[in-house]
Amino acid sequence: MILNDFVQIDEKGLYCKYGDFYLDPKLPAKTAVITHGHADHAVSGNYDVYCTRATASVMQLRYDRTAAKVFNIVGFNEPFTIGKVTITLIPAGHMLGSAQVLMEYEGTRYLYTGDYKLQPDDTCEPIEWVTTDVLITESTFADPEVIHPDPVAEIQKINSIKTNILLGAYGLGKSQRLINLISTHAPQKKILVHHRIMPINAIYQKMGIVLGPHQIYGRKLMKVQDEFVYIVPPFTFDSYIRATGVTRLFASGWKNLQVNQRDTLFISDHVDWNDILETIARTQPKQIWTLHGDGRHLKAHFNNDIFVKLL
Ligand SMILES: [Zn+2]
Ligand SMILES: [Zn+2]
């Protein structure tokens, strides 16, 4: 039997009272299951944290001593229990170490996706599929209007740009994917990386991910035009607004985020509408609960076929 109140949103975030734990709490919690290291999912100050090794490494890098009181490092597909809930982390394909959270309680399966993507990405574990009774999915791009382009075609656009490029991107996950994509599909480019991104690269490399050739940015390097691509976090990107002699691009799944559409590489680490439909086909839920975004399109789409609840 599906329990309608198995997870509920309170002031700290998504809470499961049957196991007394939070999923990606937004405020510090006593017990937290954390899907991945992005700051909107992994806050500091939790007491007991259950997560993958990569997620713990990222949190320790960012938060140091306040990352968690206790890290319980869990491998993918290795069930553990919190209270009477059996939990299994399943690869989510969003960034290195990102996990879906399968929760089993009294014979019913609830799958919280966290952030996830279906596109291939050599810098993280590919998404894996399990069936579930309830699919609790993010709905950031759950709109039939949102269809993400092929990331390879997007990255190949930089081959026709002969000036140096300033490429804005989130430092965690996206930057590493870009280094990998550029070195594969635009190998003549010389990749420079902002110093704040380098420690994250080190975590990836330590975990066996091959990013491709890159070096830390040095002030003198970009003075010459040599097909350099300088990858910088959003804050730095904004501060280079008047940079001359470079083409400014921002890599994002969002339209009109930092710069106009012409200057955006549409490379998303989230599912688009078709990906969500595929996810639903593969996980075969009886119910879909949505959060992060707008679940109304899904509700309309499945109408009477699958019950859709907006959390
Ligand atoms: Zn994320
Ligand atoms: Zn997110």
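Just follow the structure's listing: the first ligand is 1, and inside any ligand the first atom is 1.
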Peer 1: Measure the acute angle between the ring planes of H36 and H41, then classify it against the limits of 30° and 60° as parallel, tilted or perpendicular.
Peer 2: tilted
Peer 1: Is the Lys NZ or Arg CZ of K30 less than 6.0 Å from the centre of F21's six-membered ring, within 45° of the axis?
Peer 2: no
Peer 1: Could you check if a side-chain atom of Q188 sits within less than 4.5 angstrom of a side-chain atom of N159, using non-hydrogen atoms only?
Peer 2: yes
Peer 1: Is it true that, when you exclude Y47 itself, more than 12 heavy atoms of the residues, nucleotides or ligands shown sit nearer than 6.0 Å to its OH?
Peer 2: no
Peer 1: If you round to 10 degrees, what value do you get for the angle at the Zn ion (ligand 1) between H36 atom NE2 and D115 atom OD2?
Peer 2: 90°
Peer 1: What atom name does the N, O or S atom of H38 nearest to the Zn ion (ligand 1) carry?
Peer 2: ND1
Peer 1: Work out the angle at the Zn ion (ligand 2) between NE2 of H41 and OD2 of D40, rounded to 10°.
Peer 2: 90°
Peer 1: Examine all N, O or S atoms of E138, backbone included, and report whether one is under 2.8 Å from the Zn ion (ligand 2).
Peer 2: no
